[in-house]
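Note that the structure is a prediction, hence the values are computed from the model and not measured.
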Amino acid sequence: MRRFLFLSMLVFITVMVWVSVYEKEDNSPLSQKLERAMSLTRMKAYHDDDYDYMVRYPSFFEQTPDSLMDKGCCRFSFWQDSIEIVQTVFVEQNPENLTIEQAMRKYTSALHATSKQKGRDCFILSGHILDDKGRLTARCFHAKFVKHRKLWFVQSLTYPEVCQPSLKRLMTEIDNWKVW
């Protein structure tokens, strides 16, 4: 019995040393790791008590406490190395009672959107974020605006351009977002 235990321990130690020496390091870029994480992650749901909407976000995103946000707003973010991804939802007044077409023109111009899609009660814009001097940056946005009476419900995602392929699942979540 002692010999068996001794041999078992010797085999165990040998295997552990071999694994630690020959284990492959994951040297893939962060954007590839993010893509893998996005495809495997569980989506959490957030319910806003003020406006009664729900939004889904990746489980590894960190939620900013509601006390730091305006009424009806929520923010979820991921930060690692030089990568910052922010998913935000907010409610904006529509005092001019703009139609979908009018609002789409207004926000396309204001945000310098390069891509737009129109739905029955919503529209989606995306493009690069400009700096203070009007120059393109390496950061992008993707936003959905949903009209309800005199309110706009807006869900937006800001991210580095290199991460765009990694975020397709989250962009699809935003595109399919139903406020109620």
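Between the CZ atom of Arg169 and the CD atom of Glu35 there is a distance of 12.0 Å, given to the nearest 0.5 Å. Note that the OH atom of Tyr107 and the CZ atom of Phe123 stand 7.0 Å from one another [nearest 0.5 Å]. Distance check: Glu173 CD to Lys168 NZ gives 15.0 Å after rounding to the nearest 0.5 Å. Here OG of Ser59 is found 5.5 Å from CZ of Arg42. Values are rounded to the nearest 0.5 Å. Distance CD/Glu101 to NZ/Lys118: 4.0 Å, rounded to 0.5 Å. Going from atom OG of Ser126 over to atom CD of Gln117 covers 7.0 Å, rounded to the nearest 0.5 Å.
Contact record, Ile174 with Lys144: O-CD, 3.1 Å, taken as the closest heavy-atom pair. Taking each heavy atom of Ile100 and Gly119 in turn, the nearest pair found is CG2-O, 4.2 Å. Closest heavy-atom contact between Cys73 and Asp48: N-OD1, 4.3 Å. Between Lys147 and Leu98 the shortest heavy-atom distance is NZ-O, 2.9 Å. Scanning all heavy atoms of the two residues, the minimum distance from Met43 to Leu170 falls at CE-CD1, 3.9 Å. Heavy atoms only, all atoms of each residue included: Tyr53 and Cys74 are closest at OH-SG, 3.6 Å.
Under the 4.5 Å side-chain criterion, counting only non-hydrogen atoms from C-beta, Leu151 is not in contact with Arg149. In this structure the side chain of Phe145 never reaches within 4.5 angstrom of the side chain of Phe153, judged on heavy atoms. At least one side-chain heavy atom of Lys71 sits under 4.5 Å from a side-chain heavy atom of Tyr51.
Following chains of ILVMFWY side-chain contacts shorter than 4.5 Å, one can reach Leu125 starting from Val154, so the two form part of one hydrophobic cluster. The hydrophobic clustering, which links ILVMFWY residues whose side-chain heavy atoms are closer than 4.5 Å, places Val55 and Tyr159 together.
With Tyr57 as the fixed residue, the ring-ring contact (aromatic ring centres under 6.0 Å, His included) test singles out one of Phe76, Phe78, Trp177, Tyr46: Phe76. With respect to Thr108, the side chain to side chain contact (heavy atoms under 4.5 Å, CB included) criterion is satisfied by exactly one of Met104, Arg105, Lys106: Met104.
The pair Arg139-Glu161 fails the salt-bridge criterion, with no side-chain N (NZ, NE, NH1 or NH2) lying under 4.0 Å from an Asp/Glu carboxylate O.
Counting heavy atoms of neighbouring residues, nucleotides and ligands inside a 6.0 Å radius, atom CD of Glu62 does not exceed 12 of them.
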Taking distance alone, no hydrogens or angles, what donor-acceptor pairs closer than 3.5 Å link side-chain atoms of residues 79-89 to residues at least two apart or in another chain?
residue : atom : partner : partner atom : Å
Gln87   : NE2  : Arg56   : O            : 3.0
Gln87   : NE2  : Gln155  : OE1          : 2.7

- Stepwise side chain to side chain contact (heavy atoms under 4.5 Å, CB included) check, Phe141 with Ser156: CA-CA 7 Å; Phe141 74 91; Ser156 69; 5.9 Å; no
- Go through the steps for Asp175 and His142 under the test side chain to side chain contact (heavy atoms under 4.5 Å, CB included), then give the verdict. CA-CA 9 Å; Asp175 293 350; His142 185 81; 2.6 Å; yes
- Do Leu130 and Thr137 pass the side chain to side chain contact (heavy atoms under 4.5 Å, CB included) test, and can you show the C-alpha distance, the side-chain angles, and the key distance before you say yes or no? CA-CA 6 Å; Leu130 303 180; Thr137 65; 5.8 Å; no
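Between the side chains of His148 and Asn94, no donor-acceptor pair is found at a separation under 3.5 Å. For the 3.5 Å distance criterion, the side chains of Asp52 and His47 qualify, holding a donor opposite an acceptor.
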